[in-house]
Amino acid sequence: MRTNIIALSVIIFTYCMSAQQMRIEKHSKMNIDCKTCHTCDVPTKADPCLTECPREKIATVYQKPEQTPELIKINQLSDRYEPVYFSHKLHAQMAAISDGCENCHHHNTSGPILKCNKCHEVSRQREDVGIPDLKGAYHRQCMDCHREWSHETGCNSCHNLKTDGEKSSPKFDYKKYAGKDHPDVVVPSVINYKTKSDRGEIVTFSHNDHTKSFGLKCTNCHKHESCSKCHDVSHKTSEKPKEVKTELSFEQQHKNCINCHEKNEQCNRCHGRENIEPFNHTKKTGWALNRHHEKLACSKCHGQKIPYKKIDNKCSSCHQAWNKENFKHSITGLQLDETHIELSCEDCHLEGNFELKPSCNGCHENFSYPNKKPGQLIRN
Amino acid sequence: MPGKSRRDFLKNSIAGGIAATGISASVANAGPKNILSADRMGVLVDTTVCVGCRNCEWACKTAHNLDSGDLNSYEERKILESKRRPSEHALTVVNEYTHGKNSTLPVDVKVQCMHCDHPACVSACIVGAFSKQENGAVIWDTDMCIGCRYCMAACPFQIPAFEYNKAINPLIMKCDFCFDRTKEEKLPACVGICPTETLTYGPRTELIRIARERIKRDPSRYIDHIYGEYEVGGTAWMYLASKNFTELDFPLLSKNPAPGVSESIQHGIFAYFVPPVSLYALLGGIMWLSKRRKEMEGEEKI
Ligand code: SF4
Ligand code: SF4
Ligand code: SF4
């Protein structure tokens, strides 16, 4: 029991600690009145005199979703309804691609995380009607998204009616979300956007290439997604390429691409009449990627800077650390036998040019690679 | 009354009416009603947070002893597929429109009486049954209402409804801003029930300040227009929206108090309380005149 209490206090302590927020870097230079967050004239580290309900989106809450509470019990309507348990951790995980914590924890100072009822009053009849009351605030947070795919707005679509002690199975088993993580998102491989552009209405987006080869993180592009991006009946089949309909401005539509691709690129680089084949290193550059290179993110060889720098196909251009002493020939897929392993590189790779076919003529007459191999292939 | 004879009746009444009210300007007796109080109340309807649950419809009917049915039955969303108007059975209705920017989220708009600051219905009512109350509500006295339906014709928002189905003593019906509830310091029924506080009840001047602030804080969410701030001289119920109000079936109206009603007469009512009987003929005549003028100018585009 005692150990349990200690463990629990440690957890609570850690939670509170992690809930303490970082100071916003150089926030004093932001174009915001100091009085938005500080009540006194000279805030100090020791006494930052933070206001309770700042009405600016400057200070935000940064916690890993996993550090946050799993379920939050909301029981304001206990006279009529069973409590609603808000699966906070799950929602925080989803918020990673949807504006983060500040999606809900708007207007938080860099102080501790505020509870909703700190700013949102319980009574609808109140002095300051500029800030929504608690009922309004809760429902705006939940219903604004949930109705997008549930297409339901009735009270009973979330609240379990109280049954006066009678046993009945509640419509929603909120507690089942305790301990659950958001399942991995099914990532589409190719998306064919249908656009209205007269330069070619189809834009083929190789999602796979961007995530796997170009090494982009989900949040590089997906920052402000709405839940319905994934949670919609029409979006359930992610195996097939999705058709996405958007009504965004030219800038909004191109923003994610232009972040990396050159601004003044020809339209037809992306827009076409037909679906474009995914990027193929062999076709595009004439240099097939072997099994090692295939797995690498482009930036590993071509550098972080966009557009990628061109590189030649000399091994040493990238593998600068390789030298005669430490190079293991087996990495090429050919394990040299005992005799050949003793030779120096130039004995077969004439003049140290690894692009040319290796030569056996130094020792053998009428031998040629690959008919004769100086060892054993360790892959096909 | 068939059109021609009614017109004649009205035409003939004008002269007498003017004669009867000729002294109206000197009757400088400010009445308790029809005065625009500085701290009159209003409602700010933020259509960007309305979820279209229609709880307000249910609450309104319940508060007015109309047949409201079970609240759960309002979950049915098929009804939103067609546009409805407030009626004698439902003093407020919610209509649904497409968003424009987001195909998954509709825009829902609650419709009811706007409680105009310079109400055309008050000006049009030939027996003076309608009045603008100090708290902002435009209400009417059922005992005085003679069912002439001039208010219906005059209202720029087509709000007053008529109990056509009632054989005996059919009366006008419209949102009364829950006058009986607000008298007892209770919130209007729709304001009280709204889950998202789409409806903010407060002093009109404060609501305008709040609305401005919301637009400033989130300019991508709102168009820069508070509908009702200036329309027909200002209304107690005001709206914020994400798209142009004409696309949400709001009539395009000028800043001038209700088209079709002579402004000077209306001010006359507000400044000097004139006994309704003496105004009876005059207003009837003016309505006829302004209706004709409107016909000649062409219908105001809605
Ligand atoms: S109750 Fe509120 S949210 Fe629901 S339809 Fe009416 S105004 Fe909209
Ligand atoms: S909206 Fe129509 S009924 Fe309501 S106050 Fe204005 S004129 Fe009168
Ligand atoms: S204010 Fe009262 S009468 Fe008017 S719509 Fe709301 S509930 Fe109905």
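If you're wondering where the values come from, they're calculated on a predicted model, not measured in any experiment. Letters A, B, ... mirror the listed sequences (proteins, then strands); counts begin at 1.
At most 12 heavy atoms of other shown residues, nucleotides or ligands fall within 6.0 angstrom of atom CG in B:Asp67. Counting heavy-atom neighbours within 6.0 Å of B:Phe179 CZ, excluding the residue itself, gives a total above 12. Shown here is B:Lys83, whose NZ atom has more than 12 heavy atoms of other residues, nucleotides or ligands within 6.0 Å. For CG of A:Asp184, the number of neighbouring non-hydrogen atoms (other residues, nucleotides, ligands) closer than 6.0 Å is 12 at most. Crowding of A:Asn75 atom CG: a count of heavy atoms from other residues, nucleotides or ligands under 6.0 Å exceeding 12.
Judged by distance alone, with hydrogens and angles left aside, the side-chain atoms of A:Arg124 form a donor-acceptor pair with the main-chain N or O of B:Cys194 at under 3.5 Å.
Annotation for A:Asn156 and B:Asn72: closest pair ND2-OD1, 3.0 Å, computed over non-hydrogen atoms. Shortest non-hydrogen contact noted between A:Cys155 and B:Leu71 is SG-CD2, 4.3 Å. B:Ile193 and A:Lys135 make their closest contact through O-NZ, 3.1 Å (heavy atoms, listed as atom of the first residue, atom of the second, distance).
Contact annotation: the side chain of B:Glu197 approaches that of A:Arg140 to within less than 4.5 Å [non-hydrogen atoms, C-beta and beyond]. Annotation: side chain of A:Arg147 is in contact with side chain of B:Pro106 (closest heavy-atom distance under 4.5 Å). At a threshold of 4.5 Å between non-hydrogen side-chain atoms, the residues A:His139 and B:Val51 do not count as touching.
Interface residue B:Arg214: only side-chain heavy atoms are found under 4.5 Å from chain A. Contact of B:Asp46 with chain A is not made at all, since no heavy-atom distance falls under 4.5 Å. In this structure, the portion of B:Val49 lying under 4.5 Å from any heavy atom of chain A is its side chain and not its backbone. Using a 4.5 Å cut-off between heavy atoms, B:Asp218 does not touch chain A at all.
Chosen from B:Thr196, B:Leu207, B:Thr198, B:Ile210, the residue pairing most often with chain A at heavy-atom distances under 4.5 Å is B:Thr196.
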Quiz item: Stepwise, does the side-chain contact (heavy atoms from CB on, under 4.5 Å) test hold for B:Arg77 with A:Thr153?
Solution: CA-CA 9 Å; B:Arg77 302 191 63 75; A:Thr153 51; 2.8 Å; yes
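One distance of note links OG of A:Ser123 with CG of B:Leu187; it measures 7.5 Å at 0.5 Å rounding. The CD atom of B:Glu185 sits 7.5 Å away from the CD atom of A:Gln125 when rounded to the nearest 0.5 Å.
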